[in-house]
Amino acid sequence: GAVVSQHPSWVICKSGTSVKIECRSLDFQATTMFWYRQFPKQSLMLMATSNEGSKATYEQGVEKDKFLINHASLTLSTLTVTSAHPEDSSFYICSARVGGKYEKLFFGSGTQLSVL
Amino acid sequence: DQQVKQNSPSLSVQEGRISILNCDYTNSMFDYFLWYKKYPAEGPTFLISISSIKDKNEDGRFTVFLNKSAKHLSLHIVPSQPGDSAVYFCAASASNQGGKLIFGQGTELSVKP
């Protein structure tokens with residue numbers, strides 16, 4: 001299957017700082033990427049859908065000014081958590097879809113963010 | 001509002017036996033269902049899917065059953081192997097509601113040798 005690379009795999013930061021997470025499709029072009037968030041023992045919650053060259057579509061309840069998403073190329077999408085707070089500590093995972101089918105949805109390995 | 005629920009956080013099965021992972025949903029508009037498998041430190045990978053027009057789909061050792069009236073689906077793994085030990089996520093989408101994929105909480109399967 002296709003490969004999606006996500007970095008960093010874990011990050012610890014101080015409250016008030018910003019953290020950038022990168023998601024790259026290594027062997028295919030991804031016009032659409034998805035960003036999810038997962039709290040312990042809970043499901044993967046869709047945060048936003050990122051489309052190359054256009055603004056991301058955020059899910060209800062997700063602050064677009066806090067979670068900045070940029071999809072400037074067909075192989076790279078970034079999520080920046082701005083002014084991080086301890087409640088932002090979570091597991092963030094990206095995915096990219098080849099075509100329109102979810103069978104062709106490939107995930108990165110995720111980023112565990114801890115805000116002190 | 002948890003539209004997709006996996007009520008068993010974990011399941012332990014003996015090698016060679018059947019593993020049955022369950023998933024319930026509340027949204028009757030869901031028309032496509034998928035199972036993903038996740039190993040530690042890796043992202044989920046697609047395992048098997050089923051459309052709402054079917055009630056069963058089989059792929060090798062993996063079979064997914066869909067009971068629309070009960071809003072329930074299950075994943076059967078026969079025979080279970082130690083390499084099947086992973087977290088399994090159930091997911092659903094509704095084509096007339098934007099097609100967004102909604103995930104369950106996951107069930108951690110442990111297959112004992």
Side-chain angles (χ1 to χ4, degrees), chain A residues 1-10 21-26 28 30-51 56-62 77 90-112, chain B residues 1-11 21-27 30-52 54 57 59 62 64 73 86-108:
Chain A
V3 178
V4 174
S5 175
Q6 184 173 343
H7 291 282
S9 54
W10 59 271
I21 302 170
E22 290 190 349
C23 182
R24 292 180 185 273
S25 56
L26 297 186
F28 67 101
T31 54
T32 303
M33 288 186 173
F34 304 92
W35 286 95
Y36 295 86
R37 178 177 184 176
Q38 184 183 25
F39 291 108
K41 307 298 183 186
Q42 296 187 23
S43 56
L44 293 166
M45 298 295 294
L46 180 65
M47 298 175 66
T49 301
S50 165
N51 296 294
T57 303
Y58 289 81
E59 294 301 303
Q60 191 173 10
V62 178
S77 177
S90 185
F91 183 73
Y92 295 86
I93 190 165
C94 70
S95 65
R97 189 168 62 186
V98 178
K101 291 187 174 292
Y102 282 119
E103 286 85 345
K104 298 291 187 182
L105 185 67
F106 301 99
F107 286 84
S109 53
T111 298
Q112 182 64 51
Chain B
D1 177 27
Q2 188 72 32
Q3 297 186 64
V4 179
K5 297 180 184 179
Q6 293 176 258
N7 292 316
S8 297
S10 62
L11 175 67
L21 295 98
N22 293 304
C23 179
D24 297 294
Y25 61 95
T26 58
N27 188 344
F30 285 145
D31 54 10
Y32 209 77
F33 305 87
L34 306 97
W35 284 92
Y36 292 85
K37 176 180 179 179
K38 182 184 183 304
Y39 290 118
E42 296 182 13
T45 56
F46 168 72
L47 185 59
I48 194 169
S49 62
I50 189 168
S51 164
S52 61
K54 294 185 175 182
N57 188 27
D59 183 3
F62 302 91
V64 55
L73 67 157
V87 177
Y88 290 79
F89 289 97
C90 166
S93 72
S95 56
N96 64 354
Q97 292 181 351
K100 288 178 234 178
L101 203 55
I102 310 297
F103 285 86
Q105 308 96 310
T107 296
E108 184 171 9

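In what follows, chains are A, B, ... by sequence order, proteins preceding strands, each numbered from 1.
Counting all heavy atoms, side chain and backbone alike, Gln38(A) lies closest to Gln105(B) at NE2-O, 4.3 Å. Considering all non-hydrogen atoms of both residues, Gly43(B) and Ile93(A) come closest at CA-CD1, 4.1 Å. Counting all heavy atoms, side chain and backbone alike, Ser43(A) lies closest to Gly104(B) at CB-O, 2.9 Å.
For chain B, the nearby part of Tyr36(A) is the side chain; its heavy atoms alone come within less than 4.5 Å. In this structure, the portion of Gln2(B) lying under 4.5 Å from any heavy atom of chain A is its side chain and not its backbone. Within the 4.5 angstrom heavy-atom criterion, only side-chain atoms of Leu46(A), from C-beta onward, approach chain B. Heavy atoms of Leu101(B) lying under 4.5 Å from chain A belong to its backbone as well as its side chain.
Of the listed residues Gln112(A), Lys104(A), Gln6(A), Glu103(A), the one with more heavy-atom pairs under 4.5 angstrom with chain B than any other is Glu103(A). Contact count against chain B (heavy-atom pairs under 4.5 Å) is highest for Ser109(A) among Ser95(A), Ser109(A), Gly110(A). Most heavy-atom pairs under 4.5 Å with chain A, from the set Pro9(B), Gly99(B), Gly106(B): that is Gly99(B).
For the ring pair (Phe, Tyr, Trp, His ring centres under 6.0 Å) test, residues two or more places apart in sequence or in another chain that qualify with Tyr36(B) are Phe107(A), Phe103(B).
Between Tyr102(A) and Ser49(B) the shortest side-chain heavy-atom distance does not fall below 4.5 Å.
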